[in-house]
Amino acid sequence: ENTSSILYLIIFHHIPSHHIASDGRATPLKGDNRRGHVSGHGERAEQHLLNCRMQHPALSPPRRTSNPICLSRRVRGRRTRTTTTPVRCVAVPIGGETNPPPAEHSQVARLNSVFQLACSAAAMAAVARNSFTLLAVPISRELSLSMADIGAIQSALLTGYLLGQMPAGHWADKFGGPKTLMMGMLVWSVFGSATMAMPLVASPVAALLVLRGGLGLGQSVLMPAISATAAQNFSAAERGDKTSGIYACYSLGTVLGLVVTPLLAEAVGWMGCVVAVGIVGIAIAVYGLITLGGSAARPLASPMPPMSPISSVSSVSPSSENRSSTTAAVLRNNTRILVLCCWTHFVIGFGFFTLQQWMPLFLNRYVQDLKVLGLIASLPWVGTALVSAGSGRLSLYLAKEREWSALRIRKFMQTTSSLGIAACLLPLAVLPNVDALTAVLCMCFAVAFQGMCYPGYHSYVQDIFANEAGVVLALTNSWSIVAGVCGNVLCGMTGDFGQVFGVVLSLYVVSAATFYFGAVDNK
């Protein structure tokens with residue numbers, strides 16, 4: 001069979017179960033005392049090892065036997081016997097491992113595709129959302145739009161984004177997070193590509209209102225679908241890492257949009273830039289829907305102590321007929337935790353939208369050149385991507401290596417995020433005159449600490465509301481959007497950045513305390 005060139009190593013494991021002393025008494029071994037007793041203590045073990053024959057090409061291990069093996073040894077002058085039970089005999093190629101079963105390999109490949117598609121959707125959403133902000137100046141100049149018109153167009157996106165939250169959450173829980181995410185990207189990309197028809201429309205303002213409103217409606221699936229994707233496809237130990245990785249790609253998409261959009265608009269015009277982004281989004285969405293097909297992913301077993309989901313539904317997902325009633329019952333019967341989640345997301349949205357919308361204007365005090373300002377304004381989002389990815393890997397390490405519980409990891413990440421943002425904004429709130437370097441560093445670190453909320457608050461929602469993660473995050477994200485509107489209004493009314501930063505850091509301190517003491521494991 002031409003196997004002479006292949007070397008295999010037979011790995012044999014024994015688990016000692018009892019110590020048998022010379023007087024015949026058997027003492028059971030537990031915990032760590034059962035580890036470390038490997039073959040080689042007697043001829044009978046060696047004989048059993050020789051009986052483990054390799055079967056090529058299947059490499060099937062031998063049957064587990066119920067006959068114990070007694071190994072002799074001396075302990076403090078006494079002759080004792082250790083009763084062991086052989087567990088498995090595996091043939092492993094030297095320098096490699098046995099191939100996983102086909103079903104497991106297929107599942108791992110599918111989960112990798114789900115993660116990559118979610119990352120692509122998050123990045124494209126950031127590019128499509130931020131491109132209009134940079135292109136507002138040439139658009140208003142070419143179409144003779146007033147500032148009131150630009151404000152109405154921006155509000156149309158936010159309105160569509162808010163109105164689509166609850167339906168998007170329901171679809172994410174019913175049809176699956178990945179498919180909902182791809183369908184949403186298809187919708188917002190179609191509205192972006194439809195910008196090419198604007199020359200045929202008599203009223204450009206009305207056309208932009210519809211297009212931006214449709215883009216916001218399509219992007220309303222983003223956060224609910226990402227939450228449902230992590231809850232439906234990844235184990236409790238992996239959710240923080242995967243969620244952080246997806247949102248890290250959103251931050252990188254923001255940087256990409258800030259850097260590439262002006263260059264692309266200079267080459268093909270603002271309309272060609274918007275259409276090009278839409279076409280790329282359509283291609284990725286169609287590819288994603290074809291790749292996902294009709295199969296459904298199953299959550300993987302968790303290597304960490306998971307939190308018990310609030311839903312009383314078993315591991316089998318509820319049918320479409322009773323899903324709505326089940327979700328309503330879960331939300332109605334768990335008001336306290338739901339209020340905590342809404343409050344926490346309210347504060348996250350207040351800080352995020354305030355810093356996102358007003359940071360360029362605040363930094364314009366120190367940097368007047370627009371190109372330099374655009375480059376500096378992208379630095380905090382690079383920091384957010386790095387912190388998101390790093391905190392996700394940290395949560396995975398704490399779960400697998402340090403064996404922290406899910407609740408402990410969520411509390412640590414969320415409270416660190418909230419208190420870190422508050423500490424970074426403190427100098428900007430209390431010091432009357434801050435130099436340019438301090439202001440830039442404080443803003444960069446404050447925005448970067450936002451990345452730790454993904455393995456914190458967002459993963460907590462996925463842990464607790466496992467079967468309703470999409471609907472719950474859609475509800476809490478609606479409060480986040482309302483908070484963002486409040487933050488923008490407050491900043492516009494006061495005009496004092498110091499006061500606004502003081503309000504933001506105060507909210508974050510209160511939110512850190514309420515989440516740390518209010519978040520519970522629902523076992």
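Predicted model, so just to flag it, every value in this text is computed and none were measured.
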Worksheet item: Do the side chains of P178 and Q232 get nearer than 4.5 Å, heavy atoms only?
Response: yes
Fill in: Minimum side-chain heavy-atom gap I246-Y250 below 4.5 Å
no
Item to complete: Could you tell me whether the side chain of K179 and the main chain of A172 form a donor-acceptor pair under 3.5 Å?
Response: no
Worksheet entry | Flag side-chain contact, heavy atom, 4.5 Å: V280 against M124 | yes
Practice prompt. Please answer whether the main-chain N or O of S511 pairs with a side-chain N or O of T514 as donor and acceptor at a distance below 3.5 Å.
Written response: yes
Discussion item. Between R110 and F115, is there a side-chain heavy-atom distance shorter than 4.5 Å?
Written reply: no
Worksheet entry | T438 side chain to V434 backbone, donor-acceptor under 3.5 Å | no
Worksheet item: Has R129 got its NZ or CZ under 6.0 Å from the middle of the six-membered ring of Y161, at an angle within 45 degrees of the ring axis?
Response: yes
Fill in: Nearest heavy atoms of T229 and G177, plus distance in Å
OG1-C, 3.1 Å
Item to complete: For S378 and V259, indicate whether the former's side chain and the latter's backbone hold a donor-acceptor pair under 3.5 Å.
Response: no
Fill in: Exercise: identify the closest heavy-atom pair between P455 and S391
CG-OG, 3.6 Å
Worksheet entry | Side chain proximity check, S417 to I421, heavy atoms < 4.5 angstrom | yes
Fill in: Polar side-chain atom of S227 near backbone of M223 as donor-acceptor pair, under 3.5 Å
no
Item to complete: Please report the shortest heavy-atom distance between G278 and S193, naming the atom on each side.
Response: C-OG, 3.2 Å
Fill in: Any donor-acceptor pair under 3.5 Å from R239 side chain to S459 backbone
no
Practice prompt. Can you measure from OG1 (T384) to CG (L355) and round to the nearest 0.5 angstrom?
Written response: 9.5 Å
Discussion item. Tell me whether the rings of F346 and W343 are parallel (<30°), tilted (30 to 60°) or perpendicular (>60°).
Written reply: parallel
Item to complete: Please assess T159 against L162 for the test side chain to side chain contact (heavy atoms under 4.5 Å, CB included), listing each intermediate value before the final yes or no.
Response: CA-CA 5 Å; T159 302; L162 179 61; 5.9 Å; no
Worksheet entry | OG1-CD1 distance between T195 and I139, expressed to the nearest 0.5 angstrom | 8.0 Å
Item to complete: Report the C-alpha separation of L143 and M198 in whole Å, then their side-chain angles, then the decisive distance to 0.1 Å, and conclude whether the side chain to side chain contact (heavy atoms under 4.5 Å, CB included) test is met.
Response: CA-CA 11 Å; L143 301 179; M198 278 194 58; 3.8 Å; yes
Fill in: Closest non-hydrogen atom pair between A228 and D173, with its separation
CB-OD1, 4.1 Å
Worksheet item: Are side-chain heavy atoms of P199 and M271 found at a separation under 4.5 Å?
Response: yes
Fill in: Heavy-atom side-chain contact between L222 and M185 under 4.5 Å
no
Item to complete: Measure from the side-chain N and O atoms of S395 to the backbone N and O of G392, and report whether any donor-acceptor pair falls under 3.5 Å.
Response: yes
Fill in: Reported NZ-to-CG distance for the pair K411 and D521, which is rounded to 0.5 angstrom
9.5 Å
Fill in: Side-chain (S220) to main-chain (L217) donor-acceptor, under 3.5 angstrom
yes
Worksheet, complete the sentence: Minimal heavy-atom distance between D463 and A406, with the atoms involved, is OD2-CB, 4.0 Å
Item to complete: Assess whether side chain to side chain contact (heavy atoms under 4.5 Å, CB included) is satisfied between M182 and L292, documenting all intermediate values.
Response: CA-CA 10 Å; M182 292 299 104; L292 292 173; 4.0 Å; yes
Worksheet item: Q219 side chain to A125 main-chain N or O, any donor-acceptor pair under 3.5 Å?
Response: yes
Response to the item:
What one should report as the nearest heavy-atom pair of V201 and A207 is CG1-CB, 4.0 Å
Discussion item. Which residue is it: F352, Y460, F353, Y457? I am looking for the one with a ring pair (Phe, Tyr, Trp, His ring centres under 6.0 Å) to H345.
Written reply: Y457
Discussion item. Between K242 and A230 (side chain of the first, backbone of the second, donor and acceptor by atom type, cut-off under 3.5 Å), is there such a pair?
Written reply: no
Discussion item. Does either side chain, that of Q116 or that of S113, offer a donor lying less than 3.5 Å from an acceptor on the other one?
Written reply: no
Worksheet item: Does W270 CH2 have over 12 foreign heavy atoms under 6.0 Å away?
Response: yes
Worksheet item: What's the verdict on side chain to side chain contact (heavy atoms under 4.5 Å, CB included) for Q499 and V503, showing C-alpha distance, side-chain angles and the deciding distance?
Response: CA-CA 6 Å; Q499 293 181 7; V503 172; 5.7 Å; no
Worksheet item: Got C424 and F449 here, is their nearest side-chain heavy-atom distance under 4.5 Å?
Response: yes
